[in-house]
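Scope of the values below: all heavy atoms of this structure, side chains included, with no hydrogens, waters or symmetry mates.
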Amino acid sequence: MYKNEKASSPPANNKVVDFCCGKIIMLLSDHPGKLFYQDSDSSIYILGEHLPDAEPKPIALLSEEEQQMILRHYEQRGGNHI
C-alpha cells in the first residue's frame, strides 16, 4: 500500500537527481523540466533511484531563496538548466 492511501494510482515515476537543504530533489516523468522535492532527514539516496513511497511537491512551494539554492546546487552537479 502506498503512503497516501487515498491515492487512486501509484506515485508518479520519479528519479532522484540531487540532495540539497535537507530535501531530496526529484524529476517526475509526467512533469519534465520541473524539479520537485521531498523533505528528508537522511542524505543517503542514490542518484537516479526511484522512490516508490515518495510524496513529491513542486519546489515552487518553497521560498525564493531555497528555490535558488536548490537550482544552483542542481546545476553545479551537472543538471540541466531548468
Side-chain angles (χ1 to χ4, degrees):
M1 191 52 103
Y2 297 103
K3 274 188 177 180
N4 182 357
E5 293 182 3
K6 297 176 189 173
S8 59
S9 61
N13 189 14
N14 62 62
K15 180 171 83 169
V16 175
V17 294
D18 201 0
F19 183 84
C20 179
C21 310
K23 295 169 182 20
I24 303 164
I25 310 304
M26 297 173 252
L27 288 172
L28 304 183
S29 61
D30 56 347
H31 294 284
K34 293 185 180 178
L35 291 176
F36 290 78
Y37 78 96
Q38 178 171 310
D39 291 318
S40 175
D41 57 358
S42 172
S43 62
I44 303 174
Y45 291 96
I46 300 168
L47 293 179
E49 178 180 18
H50 170 73
L51 302 176
D53 293 336
E55 296 178 8
K57 300 173 203 131
I59 67 167
L61 298 175
L62 300 171
S63 71
E64 184 68 29
E65 183 180 337
E66 282 183 301
Q67 289 179 49
Q68 292 305 316
M69 204 173 340
I70 288 169
L71 287 171
R72 276 194 304 274
H73 194 265
Y74 175 64
E75 290 170 1
Q76 288 173 355
R77 293 184 58 92
N80 296 330
H81 180 72
I82 302 289

Problem set entry | Criterion side-chain contact (heavy atoms from CB on, under 4.5 Å) on L51 and V16, from CA distance to verdict | CA-CA 8 Å; L51 302 176; V16 175; 3.7 Å; yes
State the [atom1]-[atom2] distance between [X] and [Y], to the nearest 0.5 angstrom.
{"X": "I59", "Y": "Q68", "atom1": "CD1", "atom2": "CD", "result": "8.0 Å"}
{"X": "C21", "Y": "M69", "atom1": "SG", "atom2": "CE", "result": "4.0 Å"}
{"X": "D18", "Y": "E75", "atom1": "CG", "atom2": "CD", "result": "10.5 Å"}
{"X": "L27", "Y": "K34", "atom1": "CG", "atom2": "NZ", "result": "12.5 Å"}
{"X": "L47", "Y": "I24", "atom1": "CG", "atom2": "CD1", "result": "11.0 Å"}
{"X": "D30", "Y": "N14", "atom1": "CG", "atom2": "CG", "result": "10.0 Å"}

Exercise. Counting only N and O atoms by type, is there a donor-acceptor contact under 3.5 Å from the side chain of H50 to the main-chain atoms of K15?
Worked result: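 No, H50 side chain to K15 backbone: no donor-acceptor pair under 3.5 Å.
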Problem set entry | L62 backbone acceptor or donor facing Q67 side chain under 3.5 Å |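 Side chain of Q67 to backbone of L62: a pair is present.
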Problem set entry | Closest contact, heavy atoms only, P58 versus Y37 |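 So the two residues come closest at O-CE2, 3.4 Å.
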Problem set entry | Distance-minimising heavy-atom pair for P56 and Q38 |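 Scanning both residues completely, I find the closest heavy atoms to be N-OE1, 4.1 Å.
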Exercise. What orientation do F36 and H31 show, parallel under 30°, tilted 30 to 60°, or perpendicular over 60°?
Worked result: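 The arrangement is tilted - the two ring planes meet at 30° to 60°.
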